[in-house]
Amino acid sequence: LAGGWVVRNLATFGELRLTSVGGVNLYLHRAAYVEAGRTGEPVEVVRGRLADEFERQTKGLSEADRSRWLEREGQARITAHPLTYVGQHVRGVVRMLGPGHDEFLQLTGLQRGSAAARVIRALAFAQLAVIYAGFMLTLWRRPTGGVTLAAAILFLYVALIGGPEMYPRFRMPLMPFLAAAAGVALSDGFRSRT
């Protein structure tokens with residue numbers, strides 16, 4: 001099914017690969033976070049500056065050469081500051097695990113910092129705390145159980161490959177597994193009381 005994309009990328013970029021966004025992600029997202037971590041600037045400002053630099057440096061190049069430039073420059077910026085990258089990556093994992101409330105505030109028209117927004121954020125934190133605690137309890141009691149093992153493997157996969165640009169929406173594929181594993185802990189507790 002993905003063969004069409006591979007053929008398109010071969011024709012456009014001259015390389016046999018499934019996706020053409022690797023260089024974009026490396027340079028405009030991951031390297032941008034490294035630069036923002038080093039300078040203290042907002043990542044959006046850094047990303048804008050890097051995008052401008054990319055346009056200046058690659059003007060007139062083929063799409064294949066532009067893609068290779070993104071990969072080369074992104075990798076160079078990251079490998080020049082590996083500890084900054086690791087720190088930003090860890091911050092991304094923490095951000096991913098926290099509640100995502102900005103979209104909800106936009107949909108409801110609530111103002112950030114309002115009493116209602118603070119209550120919603122507290123409820124979101126409480127819900128996540130219950131799910132994470134239940135998952136950890138199940139992981140401790142049944143580390144090789146099917147849903148527990150699947151949740152742990154999926155979490156490690158997302159946490160390792162996600163990069164510094166992770167937001168709560170990256171958590172979406174994890175939540176069914178984490179919630180199911182948390183449910184195992186709750187059902188174990190219920191059965192032990194009956």
Side-chain angles (χ1 to χ4, degrees), residues 1-107 112 124 128 132 150-178:
L1 293 176
W5 283 109
V6 173
V7 170
R8 177 249 184 209
N9 290 333
L10 181 63
T12 305
F13 300 103
E15 294 180 6
L16 193 64
R17 59 176 145 171
L18 181 61
T19 180
S20 59
V21 299
V24 171
N25 288 341
L26 197 63
Y27 182 71
L28 292 178
H29 294 282
R30 294 179 183 209
Y33 271 95
V34 169
E35 189 70 18
R38 288 182 50 252
T39 65
E41 297 173 278
V43 72
E44 295 80 13
V45 171
V46 172
R47 189 174 293 127
R49 189 171 63 244
L50 292 180
D52 291 343
E53 178 185 343
F54 167 66
E55 291 301 326
R56 279 192 315 274
Q57 296 290 329
T58 62
K59 195 171 195 168
L61 295 179
S62 69
E63 286 301 314
D65 288 338
R66 288 169 60 95
S67 180
R68 283 190 281 279
W69 188 94
L70 285 167
E71 290 173 1
R72 184 179 60 247
E73 289 298 315
Q75 186 176 22
R77 289 173 185 264
I78 291 168
T79 57
H81 305 283
L83 294 179
T84 303
Y85 178 81
V86 169
Q88 293 291 60
H89 188 108
V90 169
R91 289 179 70 183
V93 171
V94 170
R95 187 174 41 249
M96 175 193 70
L97 293 174
H101 64 285
D102 291 338
E103 294 81 8
F104 184 78
L105 295 180
Q106 288 174 349
L107 288 171
R112 182 186 289 256
L128 288 173
Y132 295 154
I153 289 170
L154 186 57
F155 171 77
L156 287 174
Y157 174 75
V158 170
L160 289 174
I161 69 154
E165 67 273 16
M166 286 187 283
Y167 292 95
R169 70 176 180 268
F170 285 66
R171 186 181 63 237
M172 291 304 292
L174 297 172
M175 290 312 290
F177 293 98
L178 294 176

Over 12 non-hydrogen atoms of neighbours within 6.0 angstrom of OH in Y167
yes

With sequence neighbours excluded, tell me which residues meet salt bridge (Lys or Arg N to Asp or Glu O under 4.0 Å) with E55.
R66

State whether R68 and D65 are salt-bridged, where the test is any N-O pair (Lys NZ or Arg NE/NH1/NH2 against Asp/Glu carboxylate O) under 4.0 Å.
yes

Starting from the C-alpha separation in whole Å, work towards a yes-or-no answer on salt bridge (charged side-chain N to carboxylate O under 4.0 Å, His left out) for R38 and E35.
CA-CA 5 Å; R38 288 182 50 252; E35 189 70 18; 2.8 Å; yes

Is there a side chain to side chain contact (heavy atoms under 4.5 Å, CB included) between L128 and L97? Walk through the geometry before answering.
CA-CA 8 Å; L128 288 173; L97 293 174; over 6 Å; no

List for me each residue that meets salt bridge (Lys or Arg N to Asp or Glu O under 4.0 Å) alongside R72, sequence neighbours excluded, and say none if there are none.
none

Sequence neighbours excluded, the answer for ring-ring contact (aromatic ring centres under 6.0 Å, His included) partners of H29 is none

Just jot down the salt bridge (Lys or Arg N to Asp or Glu O under 4.0 Å) partners of E73, sequence neighbours excluded, or say none.
none

Just wondering, are more than 12 heavy atoms of other shown residues or ligands nearer than 6.0 Å to CD1 in I161?
yes

ring-ring contact (aromatic ring centres under 6.0 Å, His included) against Y85, all qualifying residues, sequence neighbours excluded
H89

For M166, does its backbone N or O pair with a side-chain atom of R95 as donor and acceptor, under 3.5 Å?
yes

Do any N or O atoms from the side chain of Y27 and from the backbone of L50 form a donor-acceptor pair under 3.5 angstrom?
yes

Test: ring-ring contact (aromatic ring centres under 6.0 Å, His included). Region: residues 35-66. Which pairs qualify, not counting sequence neighbours?
F54-W69

